[in-house]
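Everything on this sheet refers to the single structure shown next.
One-based numbering, in listed order, for ligands and for the atoms of each. In this chain, residues are counted from 1 in sequence order. On a predicted model such as this, the values are computed, not experimentally measured, just so you know.
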Amino acid sequence: MMLDQTTSDMPGQLRFVELPHPSPTPPAERAARLENPGFGRVFTDHMATIRYSEAQGWYDAQICPRAPFQMDPAAGVLHYAQEIFEGMKAYRLPDGGTALFRPRANARRFRASAERMAMVPLPEELFLESVRRLVKVERDWIPPIEGGSLYLRPFMIATEVFLGVKPSAEYIYAVIASSVGAYFKGEAPAVSLWVSQEFTRSAPGGTGAAKCGGNYAASLVAQTEATRRGHDQVLFLDAVERRWIEELGGMNIFFVFDDGSIRTPPLGGTILAGITRDSIIQLARDRGLTVAETPYAIDQCQADAASGRLVEAFACGTAAVVTPIGRMTLGENEFVIGSGGPGQLTQSISQTLTAIQRGTAPDPYGWVDRID
Ligand SMILES: *Cc1c(COP(=O)(O)O)cnc(C)c1O
């Protein structure tokens with residue numbers, strides 16, 4: 001439960017000012033946009049913003065109309081990429097209420113990402129309040145469709161106007177919200193992975209464990225290569241030996257074996273500590289399954305797929321929750337995992353997790369954070 005604890009670190013009281021949008025989206029137009037929102041294209045009317053300067057600390061907290069930022073062309077983020085973000089979802093509960101899933105874990109991770117990027121950490125209580133307030137204002141943007149949710153994107157950028165290389169003395173923190181449908185319509189299909197042997201996303205001592213835009217920038221060339229070769233996603237290996245499986249560009253990975261045991265690569269600075277990953281480990285252990293957080297070599301993975309010892313694999317993250325993996329390509333060799341389709345345990349874990357998130361199953365872990 002460690003991940004869900006917050007440090008109470010509010011420096012006095014910073015009050016949010018709520019500035020309602022002067023011309024909000026009319027309900028009929030909103031309803032039309034929510035019919036088939038896809039992912040990350042439909043945005044709500046408002047955003048949360050808080051500013052930071054060395055002189056004032058955190059100030060000017062607002063829920064305000066969503067609008068472009070005014071930024072000086074010499075703002076730090078545009079040159080040296082001091083940027084971090086989070087990804088989380090608000091769900092509609094069966095009784096009509098609204099809930100976030102493990103938001104304290106996101107607040108903590110945001111702080112850890114800030115520390116790694118030499119940015120000023122946002123107090124966790126401010127993170128939580130900004131997200132909760134925005135969701136309350138935008139709750140009608142949760143699509144009333146199967147699998148619909150409000151995807152929240154807290155982020156922070158360096159805004160000091162200075163071209164010298166040093167940590168910025170000014171920041172903008174903001175949260176925007178996007179109405180999203182189920183990542184996949186119906187049952188998630190199994191995806192194919194292309195193993196990147198040339199490009200890595202993170203190295204020991206680097207920023208792989210921070211949720212920063214720079215990691216994504218570094219992963220795109222490999223993802224483009226995977227797509228060009230006809231695969232869905234790229235799988236990264238460790239940067240030292242190019243042998244140990246790490247994760248996808250934006251999702252963690254799990255393997256299921258014929259004895260029912262599960263394995264996922266260990267956290268150790270080069271992998272993002274996914275909240276979905278942590279939740280799945282807990283769910284699997286509570287089912288009595290053995291979950292090993294131990295390194296898994298790509299050649300062993302290929303051999304285990306061939307021998308039938310490896311029966312399922314899946315990726316996980318907030319956006320798509322659980323994505324079955326059907327095949328992988330390593331160099332010239334493509335190999336199939338299990339049936340090549342979604343595995344049984346994969347589907348069962350996915351159903352349990354989404355049911356807890358949506359409030360249709362009991363929540364023995366206190367993961368569901370009701371906001372209204
Ligand atoms: C966000 C992210 C994940 C998944 O984390 P969740 O908390 O489960 O959404 C995995 N890998 C990377 C690189 C990420 O940025």
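Applying the salt bridge (charged side-chain N to carboxylate O under 4.0 Å, His left out) rule to Glu160 yields the partners Lys166; only residues at least two apart in sequence or on another chain are considered.
In Glu29, the CD atom is crowded: over 12 heavy atoms of neighbouring residues, nucleotides or ligands sit closer than 6.0 Å.
Looking at Thr270 and Glu246, their side chains do bring a donor and an acceptor atom within 3.5 Å of each other.
For the salt bridge (charged side-chain N to carboxylate O under 4.0 Å, His left out) with Glu86, the lone residue among Arg109, Arg153, Arg108 that qualifies is Arg109.
Residues Arg228 and Glu225 are paired through a salt bridge, judged by an N-O separation under 4.0 Å between the basic side chain and the carboxylate.
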Determine whether Tyr151 and Phe39 satisfy the following criterion, ring-ring contact (aromatic ring centres under 6.0 Å, His included), listing intermediate values before the conclusion.
CA-CA 9 Å; Tyr151 182 82; Phe39 184 86; 5.1 Å; yes
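Annotation: ligand 1 has protein neighbours Arg109, Arg201, Lys211, Tyr216, Glu247, Gly249, Gly250, Met251, Asn252, Leu272, Gly274, Ile275, Thr276, Gly317, Thr318, each with a heavy atom less than 4.0 angstrom from the ligand.
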